[in-house]
Structure formats: structure tokens, C-alpha cells
*Asks:* 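Shown below is the structure under consideration.
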Amino acid sequence: MSPLPFPLPSEDRATSPHTGWTRAHWEATADGLLDAAWKWSTPGRALLDLPGRPSRSGVRSDGLEGYARTFLTAAFRVAGAKGEDPHNWLERYADGLTAGTRTAGRDDAESWPLILDHTVFGQPMVESASVAIGLRLTRPWLWDRLDGATQDRAEAWLRGALRHTPAPNNWYLFPFSVAGFLESVGRGDAETAGARQRALDLLEVWYRGEGWYADGDGRAFDHYNGWALHLYPVLDAYLSGDAELSALHGARLSEHLESFSLMFGADGAPMHFGRSLTYRFAAGAAVGMGAVSGHTPLAPGVSRRLVSGSLRYFLERGSVGEDGLLGLGWHGPHDATLQVYSGPSSPYWASKAFVALLAPAEHPLWTAREDPAPSEGPDRVLSLPSPGLLVQSTRADGVVRLHNHGSDHVRPHEGETADVADPLYARLAYSTATGPTASANTADNHLSVRVGGSRSSRVRIHPLGAGHGDGWGWGWAASWHTPVFPGGPPTWPGLRVESVTVVRGRYELRVHRILGAPAGSRAEETGWATGPRDTVSSALHELHGWEEREDVRAPQGTAFTRWAVLPRLGADVEGTELLVALASLTAEEDPAPLSTAVSGVNVDGDTVEVAWADDGSMTRVGFAPLEVTHRLR
């Protein structure tokens with residue numbers, strides 16, 4: 001575990017038996033992160049130019065990002081302490097606001113860039129939301145003490161977010177948040193009302209059920225649900241006291257936490273899945289917001305276990321360098337985890353986790369005894385048909401796996417090409433203990449069809465259904481995709497792959513039906529990618545149709561290991577083929593080989609029956625029509 005460059009209080013294992021952390025640890029962490037970041041401010045305090053490679057938006061935008069995102073930490077810290085500001089953080093942010101808006105748009109050492117359309121220069125729109133929320137949270141101690149001219153300039157800059165076009169996803173909540181602040185200080189009008197209604201209308205379009213939003217018009221389901229699509233409207237309702245908004249969006253947040261709370265491992269790790277993972281412990285923002293607002297199904301001790309466990313997980317694994325700065329990556333630096341829009345200050349959207357500090361010291365979130373996380377309870381299998389996800393949690397090792405049969409990163413109007421295949425969405429499975437391999441390496445957890453030496457990608461995912469049995473003991477999810485090839489024609493006529501995952505315990509039964517495979521094709525399936533020092537082990541075993549097995553190296557490693565290896569099965573295929581395999585990812589010591597888990601396999605046309613050795617139960621997967629059952633003999 002990595003030592004921290006700033007001091008923390010002593011652990012309290014009496015009230016926090018799982019993490020040892022209390023509210024005081026959160027305040028100390030916020031102060032430590034802020035102190036390190038402020039060492040890189042410009043003289044006028046308008047920009048925090050943190051060291052590192054710039055984002056595609058440029059150095060000036062990155063400096064604004066440093067100011068805005070750390071402002072969120074400071075605002076939650078001070079507002080939660082009812083205005084107590086022993087380090088005078090708000091004085092610095094007041095100075096920066098004054099300097100940054102004095103001549104906004106000018107190319108000098110302090111001025112903030114203007115907010116324009118997302119297609120031109122949109123990143124400042126993202127940061128405007130953090131500035132607005134920070135000002136709203138700290139109004140009595142910052143905004144109300146500014147002179148009128150500075151307030152007017154700040155409003156003029158913020159209104160750029162209302163007058164320009166956001167990206168077609170969660171970005172519409174940035175002008176929503178700006179408008180909410182302006183209305184809260186008596187500066188609302190038809191323009192602010194329109195921006196708020198526009199965002200709320202889009203949320204209705206993007207809401208798919210079971211507490212899950214798509215991030216835009218496609219099928220991107222990821223951490224943006226928690227740290228954006230739920231956080232902004234529920235926080236707005238909490239601050240404004242809007243009962244109607246609170247009831248609607250609070251209920252959705254509570255339902256989201258029913259499933260999302262299971263996606264943290266026993267070690268505190270959130271699910272490694274989706275984009276912008278460098279925000280790290282921001283994954284706990286939805287849990288904290290639920291506890292603060294009261295819109296949560298979780299006991300206070302469970303909520304604290306999750307948010308403190310996640311924060312501590314990252315702090316102990318290299319997310320903070322010797323200089324006290326959050327670096328780009330997951331644990332330590334990891335380029336393959338990053339998006340091109342990420343810059344040196346991007347990780348500070350992790351600040352959203354500090355929403356938990358809005359719960360005062362006497363709140364049950366901090367006074368209740370810490371309870372186990374959901375992943376520390378009995379084995380769980382939870383299907384989510386709306387997003388097409390299947391969650392698998394095992395108590396023996398505390399590992400949680402997410403089987404993806406519904407979330408991709410392709411917009412409805414976009415074509416399918418291998419160039420847009422995204423390792424953070426395209427894989428069959430993700431976990432709290434492993435990451436996907438980089439694009440240049442062999443893809444983990446992937447079914448590919450190889451034609452003429454070219455391996456296919458999984459791009460757009462079409463869900464076919466999901467379900468789980470009584471008592472959470474087993475569950476399934478299914479989807480189909482069109483294999484997409486790099487170079488030459490992107491697809492082969494009639495070629496299609498239908499995939500079903502059935503889980504029970506630590507086991508993953510993977511059944512694929514390949515349709516229309518041209519002569520000379522070869523199918524390949526890979527398992528989990530793990531490294532030589534990982535605490536988890538990966539296994540993949542052929543049950544039907546597969547002809548050979550090999551181990552493949554991934555020299556670029558994953559976010560969890562510098563170098564990885566993954567198992568791969570292969571078989572020649574033509575026309576319609578049914579392929580069945582058993583996979584496992586576990587941290588158990590000396591797990592039994594997969595060959596002993598199944599006592600029999602019977603394939604009849606498009607139907608496969610698998611008999612399990614431990615209890616004699618039978619899993620049946622049939623195609624055309626799709627039907628998945630699991631029963632005792």
C-alpha cells in the first residue's frame with residue numbers, strides 16, 4: 001500500500017470496523033488534496049496549472065479545470081462544516097473568480113476561456129457547472145461577500161453555458177446546474193428556466209428503468225449514472241427544497257443504488273467499467289448523495305462503508321503521488337485507461353465524492369456503526385434487463401463481476417467500425433479486480449471471429465434479455481452483435497453472434513451461437529486478463545465446440561497490472577456453430593479446476609444442457625427462441 005503525503009487521523013475501528021475511517025478522515029483528505037493542488041496556482045489564483053500532459057482542450061482550459069474541480073472539494077468541505085474554513089480555502093476561490101472573470105476570453109495569465117459550443121471549445125462548459133455548484137454551496141461565505149461588479153462578471157461568464165450547445169449527453173446538466181445557481185441568487189429568467197426544463201426533458205428520454213439512465217440517446221450505461229445523471233438533479237432538489245423534483249429523481253436514485261451498491265468489491269474497489277475512470281472515487285458520489293438526501297435503500301453504516309472504502313482503496317494504491325496530486329490513471333498512472341479529453345486536472349472530478357461531507361458530523365452517515373458492504377454478504381446474482389447487465393458477487397473473495405450484454409459507446413447515428421471499438425465497453429465482462437487489456441493487445445473477455453487473418457470487434461450491443469432466479473443463486477443475460485472487422489469490408493453478409501452468460505457462484509457459463517460464418521473462419525474466446533502478482537486467478541475451460549486452448553500475453557497490461565496473460569480458446573467454424581465454455585475469475589486460494597464443475601454437457605441442435613457437479617442442477621440454454629432455465633433435477 002502506498003503511503004500518503006498528508007497526515008490522517010488515527011483509525012476508529014469501534015465505529016468503523018471495516019475501514020477505520022470517520023468524517024475527520026474525509027476532511028483531512030479534502031484538505032490534503034487541496035493544499036497540494038494550490039501549490040500550482042497562478043498569482044491571481046484564477047487557474048491551477050497542474051503538471052502533466054495537456055488535454056486536447058489546451059493548457060488554459062486545463063487551468064480552469066483545476067480551479068473548478070478543486071472548488072467542488074472546498075465547497076463540500078466548507079458547506080458541510082457550516083462555514084468553518086480553517087484553511088481559508090474560500091478566500092482563494094473568491095480571488096480566482098474575480099481574476100478569471102475580469103477579462104474573460106483574453107489571452108493573458110489569469111483570464112478564463114469563454115464558454116462555447118461543445119464542437120468548438122466546450123470544456124469550459126463542463127467546468128462552469130462545478131463553479132456554479134461551488135458558489136451555490138458556499139453562497140453565505142463567498143458569493144454574498146463579492147462586490148456587485150464581480151457578481152455581474154461572473155454571471156456573464158456563466159451564462160455562456162446557457163447560450164451554447166452542450167455535447168448530446170450528460171453535458172445538458174451543466175447549464176442546468178448553472179441555471180439553478182443563478183436562480184438561487186435571484187438572477188433567474190426565461191433563459192435559466194429554459195435550460196433547466198431542457199435538461200429535465202432529456203432525462204425523461206434517457207431514463208431506461210431500474211434506476212439507470214443512458215448517457216445520451218444510445219446505450220452507454222456507466223458511472224456517469226452516479227456522478228452526473230443522478231447527482232446533479234438530486235443535489236439541485238436538495239439545495240432548492242423542490243419537493244416535486246426531489247420525489248421523482250430521489251426515487252430513481254434510490255432504485256439505482258439497489259443495484260449499484262453491489263458493484264463495489266470487498267476491498268472498496270468500484271467496478272472498472274466505462275469511460276472517465278480516472279475520476280476514481282467519484283464512483284461513491286451517488287451513494288453519498290443518497291445518504292445526504294435520504295433517497296437511499298442503504299443503511300447509513302452501509303453507505304459509509306462504501307464511500308469510505310472506495311476513497312481509502314484509491315488513496316492506498318497510488319492514486320495520489322508523492323506531491324499530493326491525483327494523477328491520471330486508476331491506481332497509479334495508466335495511459336490505456338485515459339480518454340483524449342483528460343488533462344492534469346481531470347482526476348479532480350473525484351471531488352464529487354465529497355458530497356458526503358454535506359452530512360454534518362451528527363448525521364447517521366457518520367454516527368452509525370459501519371456495516372458490511374453488499375459484496376461482503378452472501379453470494380449474489382442480480383440481473384438488470386433495462387441496461388442489459390448482470391452482476392455476480394462472491395462472498396469468499398469479495399470480487400464483483402459485471403457481465404455486459406447491453407452497454408456500448410456507440411451513438412444511434414454512428415456506423416459500426418472497428419476503429420470505434422472501446423475496450424471499456426465492448427468486453428463481455430468487467431470486474432472490481434481486473435481491467436480490460438489495451439486496444440493494441442489481445443482483447444480479454446471477448447468472442448471474435450477471425451476471417452482471413454482479421455479478428456472481429458464487438459461494437460454495437462443488442463440486448464436479448466436478462467433474468468435471475470429466486471434467492472439470487474443464479475442469473476443470465478444475453479445479447480447479439482454483428483462482428484466488425486478492421487480494414488476491407490467492415491462486416492460479412494449474414495454473420496452474427498448471439499451470446500448468453502449464465503452465472504452461479506464463481507462460475508460463468510458462456511454460450512455463443514455463430515450464424516453465417518464464411519468458410520475458413522475461426523472463432524476465438526478469451527477469459528480474464530490477470531498479472532503475475534494479482535490476487536485473482538483466471539481460468540477458461542472448453543465444454544463444447546472448442547478445439548484448443550492457449551495462453552496469450554498482453555504486454556501493455558491493464559490498470560491493475562503492468563503485464564498480463566489471458567486464456568484463449570479456438571475452433572474452426574463455418575455456417576452455424578454452437579460454442580460452450582466455462583470461465584472463472586476468483587481470489588480463492590487453490591480453486592478447484594473448472595473441469596470438475598460440470599458433470600455433463602448435452603447439445604441438441606441449438607439447445608445446450610449443462611449439468612452441474614455440486615448439486616446436480618441443470619442449466620438449459622436454447623436459441624430461436626431464446627430461453628434460459630436453471631433447475632434442480
Side-chain angles (χ1 to χ4, degrees), residues 4-9 16 19 21-41 45 48 50 65-97 127 129-145 177 181 227 231-232 235 238-239 279-289 291-293 303-304 307-308 310-312 314-315 319-320 324-326 345 347-363 365-367:
L4 290 179
F6 46 80
L8 292 177
S16 299
T19 68
W21 276 38
T22 65
R23 194 177 191 280
H25 288 81
W26 280 77
E27 290 183 326
T29 300
D31 290 336
L33 292 174
L34 289 168
D35 181 67
W38 268 99
K39 290 180 170 61
W40 302 92
S41 72
R45 298 179 167 178
L48 271 65
L50 304 186
E65 191 171 65
Y67 172 96
R69 299 189 178 196
T70 60
F71 187 21
L72 271 182
T73 298
F76 288 133
R77 165 76 168 94
V78 175
K82 302 176 182 178
E84 292 184 14
D85 187 9
H87 301 281
N88 296 316
W89 298 126
L90 297 192
E91 177 184 330
R92 307 184 195 200
Y93 287 100
D95 290 346
L97 180 73
E127 312 318 320
S130 296
V131 173
I133 292 172
L135 291 173
R136 189 173 184 179
L137 288 166
T138 62
R139 176 182 176 179
W141 315 288
L142 199 166
W143 177 263
D144 288 348
R145 297 181 181 182
S177 299
F181 162 67
W227 62 45
L231 177 67
Y232 288 118
L235 178 59
Y238 174 77
L239 296 175
Y279 303 156
R280 296 180 173 102
F281 47 84
V287 179
M289 188 71 253
V292 167
S293 66
S303 293
R304 186 165 85 256
V307 296
S308 292
S310 178
L311 179 57
R312 180 167 186 167
F314 285 108
L315 293 185
S319 65
V320 177
L325 296 177
L326 284 169
S345 299
Y348 286 86
W349 239 29
S351 297
K352 293 183 175 186
F354 291 98
V355 70
L357 286 177
L358 292 183
E362 64 274 14
H363 192 282
L365 177 64
W366 306 114
T367 60

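Here the structure is a predicted model, which is why all the values come from computation and not from measurement.
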*Asks:* Got a sec, which residues hit ring-ring contact (aromatic ring centres under 6.0 Å, His included) with H363, two or more places apart in sequence or on another chain?
*Replies:*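 ring-ring contact (aromatic ring centres under 6.0 Å, His included) check on H363 returns nothing, list empty.
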*Asks:* Using every non-hydrogen atom in the two residues, find where A356 and W366 come nearest and quote the distance to one decimal.
*Replies:* O-CZ2, 3.4 Å
*Asks:* Can a donor-acceptor pair be found, under 3.5 Å and without considering hydrogens, that links the side chain of W349 to the backbone of A282?
*Replies:* no
*Asks:* Are any of the side-chain heavy atoms of F181 and I133 separated by less than 4.5 Å?
*Replies:* no
*Asks:* Can you name the side chain to side chain donor-acceptor pair (under 3.5 Å) partners of T19, sequence neighbours left out?
*Replies:*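 Residues passing side chain to side chain donor-acceptor pair (under 3.5 Å) with T19: E370.
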*Asks:* For W21 and L311, which heavy atoms make the closest approach, and how far apart are they?
*Replies:*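 In terms of heavy atoms, the two residues are closest at CZ3-CD2, 3.4 Å.
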*Asks:* Any side-chain heavy atom of T138 within less than 4.5 Å of one from D85?
*Replies:* no
*Asks:* Please evaluate residues T29 and F6 with respect to the criterion side chain to side chain contact (heavy atoms under 4.5 Å, CB included), reporting the C-alpha separation (whole Å), side-chain torsions for both, the decisive distance (0.1 Å), and the verdict.
*Replies:* CA-CA 8 Å; T29 300; F6 46 80; 4.3 Å; yes
*Asks:* Heavy atoms only: give me the nearest G66-S345 pair and the separation to one decimal.
*Replies:*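 For G66 versus S345, the nearest heavy atoms are CA-OG, 3.2 Å.
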*Asks:* Quick one: do the S41 and Y67 side chains pair a donor with an acceptor below 3.5 Å?
*Replies:*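 Side chains of S41 and Y67: no pair found under 3.5 Å.
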*Asks:* Who pairs with R45 by side chain to side chain donor-acceptor pair (under 3.5 Å), at least two apart in sequence or on another chain?
*Replies:* D95
*Asks:* What pair of heavy atoms forms the shortest contact from L90 to L142, and how long is it?
*Replies:* O-CD1, 3.9 Å
*Asks:* Who pairs with R77 by salt bridge (charged side-chain N to carboxylate O under 4.0 Å, His left out), at least two apart in sequence or on another chain?
*Replies:*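 Partners of R77 under the salt bridge (charged side-chain N to carboxylate O under 4.0 Å, His left out) test: E27, D31.
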*Asks:* Would you please name every residue forming a side-chain contact (heavy atoms from CB on, under 4.5 Å) with P140, sequence neighbours left out?
*Replies:* none
*Asks:* Can you tell me if R23 uses its side chain to pair, donor with acceptor, with the backbone of L357 under 3.5 Å?
*Replies:* yes
*Asks:* Can you sort out the partners of E362 under salt bridge (charged side-chain N to carboxylate O under 4.0 Å, His left out), two or more places apart, ordered by chain and number?
*Replies:*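 Here the qualifying residues are K82.
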*Asks:* Is the gap between the ring centers of Y93 and W143 under 6.0 Å?
*Replies:* no
*Asks:* Sequence neighbours left out, what passes side chain to side chain donor-acceptor pair (under 3.5 Å) with N88? Give chain and number order.
*Replies:* none
*Asks:* Does any part of the side chain of D35, heavy atoms only, come nearer than 4.5 Å to the side chain of W89, both counted from C-beta?
*Replies:*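 They are in contact (side-chain heavy atoms under 4.5 Å apart), so the answer is yes.
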*Asks:* ring-ring contact (aromatic ring centres under 6.0 Å, His included) with W40: which residues, sequence neighbours excluded?
*Replies:* none
*Asks:* Are the side chain of K352 and the backbone of W227 linked by a donor-acceptor contact shorter than 3.5 Å?
*Replies:*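 Confirmed, K352 side chain pairs with W227 backbone.
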*Asks:* As an exercise, state the distance from OG1 of T22 to CG of L8, rounded to the nearest 0.5 Å.
*Replies:* 9.5 Å
*Asks:* Rounded to the nearest 0.5 Å, how far apart are CG of D144 and CZ of R139?
*Replies:*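 Going from CG on D144 over to CZ on R139, the span is 4.5 Å.
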*Asks:* Just to verify, what does F76 make a ring-ring contact (aromatic ring centres under 6.0 Å, His included) with, not counting sequence neighbours?
*Replies:*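 If we apply the ring-ring contact (aromatic ring centres under 6.0 Å, His included) test to F76, skipping adjacent residues, there are no hits.
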*Asks:* Do you know the tightest heavy-atom contact between Y348 and L50?
*Replies:* CE1-CD1, 3.5 Å
*Asks:* Considering all heavy atoms of both residues, which atom of T367 and which atom of A361 are nearest to each other, and what is their separation?
*Replies:* CG2-O, 3.5 Å
*Asks:* For the CH2 atom of W141 and the CD atom of E84, what is their distance to the nearest 0.5 Å?
*Replies:* 10.0 Å
*Asks:* Are the side chains of L34 and H87 in contact, using a 4.5 Å heavy-atom criterion?
*Replies:*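 Side-chain contact under 4.5 Å: no.
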*Asks:* Who are the side-chain contact (heavy atoms from CB on, under 4.5 Å) partners of A68, not counting sequence neighbours?
*Replies:*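 Here the qualifying residues are E127, S130, V131.
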*Asks:* Mind checking ring-ring contact (aromatic ring centres under 6.0 Å, His included) for F281 and listing every partner two or more places apart, or none if nothing turns up?
*Replies:* none
*Asks:* Using the test side chain to side chain donor-acceptor pair (under 3.5 Å), find all partners of S351 that sit at least two apart in sequence or belong to another chain.
*Replies:*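 Residues passing side chain to side chain donor-acceptor pair (under 3.5 Å) with S351: T73.
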*Asks:* What distance do L315 atom CG and S308 atom OG have between them, rounded to the nearest 0.5 Å?
*Replies:* 10.5 Å
*Asks:* In Å, rounded to the nearest 0.5 Å, how long is the span from CG of L358 to CG of L239?
*Replies:*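 Nearest 0.5 Å value for the CG-CG distance: 7.0 Å.
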